[in-house]
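Every value quoted in this text rests on a predicted model; they were computed, and no experiment measured them.
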Amino acid sequence: MVYLAHISEDHRQQTVLQHLEGTAELCSRFAASFGAGELGEMAGLAHDIGKYSDAFQRRLHGEGQVDHTTAGAYECYRRRQSAVAFCVAGHHGGLPDGGSRGDNSDQPTFLGRMQKAIEGKLEPYTPWNQEVSLPSPRTSAFQTKSALDAFFFTRMLYSCLVDADFLDTESFMVGEAPSRGYVVSMEALYQRLEQYISDWFPPQGEINILRCTVLKQCIQQGSAQKPGLFTLTVPTGGGKTVASLAFALRHACTHKKTKIIYVIPYTSIIEQTASTFQKILGTENILEHHSNVLYDTDSFGAATPEAAKQMRATENWDMPIIVTTAVQFFESLYANRSSQCRKLHNLVNNVIIFDEAQMLPLPYLRPCVSAIAQLVAHYGASVVLCTATQPALSPLFQEFLPGVAIPELCAVSVMRSPVFKRVRFQKAGRLTWTQLHERLQDSMQALCIVNSRKNAQLVFEGIQGNGGYHLSTLMTPSHRKAVLVEIRRRLKEGLPCRVVSTSLIEAGVDVDFPLVFREEAGLDSILQAAGRCNREGKRPVSESVVTVFRAETTPPQIFSAAIAAGQEVMDQYEDLSDPDAVSCYFHALLDLKGQKAQDQKGILPRIQEGDFPFRTVAEEFHLIEQDTHTVYIPIGDGENLIRRLRQGERSRQLFRKLGQYGVSVYPQQFQMLDRSGVLELLEDGSAILTDLSLYSNDTGLTVDADSERFMI
């Protein structure tokens, strides 16, 4: 009898043996990059052994369901290859929790499923051993050092298996291997960078001289430094984006690294960074992977060939330069589903840049640092923590990478250069809204940043005359982009421009104001706000003032520790941008929060118990904790997109485009809108605003319970 793995739509047949051998070849090649090629081969050969059952052969023709994954897992398990067994068990439904020896055969844990096999409750699959012989691989040395090492090793091996399984199946189903991967070398990309920066030399002006100094240092360090963990601390305006890319490319050429991954905290600045890289290295070499990316389509609405290739690359990150979010990066490292884990093996032997490293989320700081340490220690990654305000993470990294030095790529003399002192700080104490309005009104051009969307609307309402603007996440991304274009125009032309914003404008948004007012916050936020003041250094420092004030309302509780640590530093330092002040702030913040607050869900202790809680950890690890609901606003192009949604169209591409016309609101705000009858809820849960009087061209969506529209 011929046992089949797949039947294509045009009735071609792939035998189980063909699929196992094809998957094993790919999986072995992927896993060889971290010394586990033999284990990868075993995983590939074992993963679909359960398809050698009559029950599965009937399933191919539409008859019922059958568990075909536990069989291969059990064959690996009884050969004492637990890591491979976990991978095989989870290659469809996701990595399971390990469970305990007392689990019965009805439980979905790994050991429960092994008990099911032991009790003979699987469909008979004995013909497998007539065609397949499983190897006896060696165990990787670091795999057995600790529960944490074993946890990440299993996940890496799992990534190799699920990607290999998908690629082999995809190749068979479409009749040929779809266009994937890339041919450009790191050397060729570095040559493009050299050509791009050639006009920068010799630099003109003090600020450009220093930017080029930073750039040259990063290039030099890229060759000189051995692979490892680094910091790059460059003051705002110092050109760290291009400098960090230059280090990465030079380092990749020197040490034969395969990819560069740029991890950014917010989608609001990721497009700006990706655009810069595309100009330097070519659009075809840059993969953007985040919720707002839109792929090019032809006149029929189908993805263009290049866009289709990029879309496929989001599945396994098979591109030379990847620009992604911290959420995408870290949640993939702790996820258990195959779709999220496929890319993990493509993190091996890369250069990984964490832009705005101070934004690593405190409630998950220890798990994030632990994951970075694993990539550096065992998977050949070189990691750069890149920021203007370097967090004091050395003690934490020493815990996971004992004895490992963390070199700084930028000379201290550059960091402390007076050329980068573009602002002076002023501590105003408590200001009433009236006093703040008066100060803003007296300024031709000024930016005011506050801690909440409600405060942003309150301050904006007090601005009079022409040139007042508001920015917050209550506006759609498309709306915010249009407002920023107008703000930049008015700043450039010297017209009145008074902007009130939440902290979203601090995340790398390129604007340049003579005056900035910042509500008390953490020192990192204050310094990010200062980066929007005299950004190009064209004004005297004495006239470029960042005023830190205490609002008349109590800030949200979530900011309390950061504000307290910031106040402690402001009492000690006149120049808040002093690197010593920054270090003092982060030490104070970590002390105030304590170690438990750095792993709020207890992720690492759970892993260290040694029972492989893959599913539980995946369910617990979410960088964005607050549940929100998206409300789509039918304005501009959003009106046509929403019409398509109402007509039943559902596609990833449509939802990505719709994202430009969506506003995220908290559950209680969503319920308030729903009870007021201003939302149209579709069958899939999508919500559309039906009363456009609640969406202002100035401030976006109204969700304030005190507003007249919502009074009961």
Notebook entry, point to check: Among side-chain atoms of Asn346 and Asn316, is any donor-acceptor pair under 3.5 angstrom?
Noted result: no
To the nearest 0.5 Å, atom CZ of Phe612 lies from atom CZ of Phe86 at 6.0 Å
Regarding Gln340 and Ser332, do their side chains bring together a donor and an acceptor under 3.5 Å, going by distance alone? no
Q: Consider only side-chain N and O atoms of Asp97 and Thr616, and report whether a donor and an acceptor are under 3.5 Å apart.
A: yes
(message) Do Leu385 and Ile353 make a side-chain contact, defined as non-hydrogen atoms from C-beta onward lying under 4.5 Å apart?
(response) no
Review point. Got a salt bridge between Asp355 and Lys240, using NZ or NE/NH1/NH2 to carboxylate O under 4.0 Å?
Key: yes
Worksheet item: For Glu187, does the CD atom have more than 12 heavy-atom neighbours from other residues, nucleotides or ligands under 6.0 Å away?
Response: yes
| query | Any donor and acceptor pair, going by atom type alone, linking the side chain of His255 with main-chain N or O of Ala252 inside 3.5 Å? | reply | no
| Whether over 12 other heavy atoms sit under 6.0 Å from Arg615 CZ | no
Counting only heavy atoms not in Glu408 (residues, nucleotides, ligands), do more than 12 fall under 6.0 Å from its CD? yes
task: Decide whether a cation-pi geometry holds between Arg155 and Phe614; the criteria are a distance under 6.0 Å from NZ or CZ to the six-membered ring centre and an angle within 45° of the ring axis.
output: no
task: Over 60° means perpendicular and under 30° means parallel, so classify the ring planes of Phe621 and Tyr334, tilted if in between.
output: parallel
* Is the closest basic N to carboxylate O distance between Arg342 and Asp163 below 4.0 Å? -> yes
Short side-chain donor-acceptor distance under 3.5 Å, Tyr585 and Thr389 = no
*Using atom types as modelled and distance alone, determine if a side-chain donor or acceptor of His587 lies under 3.5 Å from a backbone N or O of Cys584.*
no
Discussion item. Tell me whether the rings of His251 and Phe247 are parallel (<30°), tilted (30 to 60°) or perpendicular (>60°).
Written reply: parallel
Check your understanding: Between Gln278 and Glu284, does any side-chain donor sit less than 3.5 Å from a side-chain acceptor?
Key -> no
All heavy atoms of Leu215 vs all of Ala246, minimum pair found to be CD1-CB, 3.6 Å
Regarding Thr233 and Gln390, do their side chains bring together a donor and an acceptor under 3.5 Å, going by distance alone? yes
Nearest heavy-atom approach of Ser82 to Tyr77 is OG-CD1, 4.4 Å
- Message: Contact between Ile372 and Phe397 at the side-chain level, heavy atoms closer than 4.5 Å - yes or no?
- Response: yes
Practice item. Determine whether the side chains of Thr258 and Asn350 contain a donor N or O and an acceptor N or O closer than 3.5 Å. Key: yes
Trp317 and Gln328 have their tightest heavy-atom pair at CZ2-CG, 3.9 Å
Worksheet entry | Min side-chain heavy-atom separation Cys27-Glu41 under 4.5 Å | no
What class does the angle between the rings of Phe354 and Phe329 fall in, given that below 30° is parallel, 30 to 60° is tilted and above 60° is perpendicular?
perpendicular
In this structure, CG of Leu375 is separated from CG of Leu344 (nearest 0.5 Å) by 8.5 Å
Q: Classify the side-chain pair Lys216/Gln221 by whether it contains a donor and acceptor separated by less than 3.5 Å.
A: no
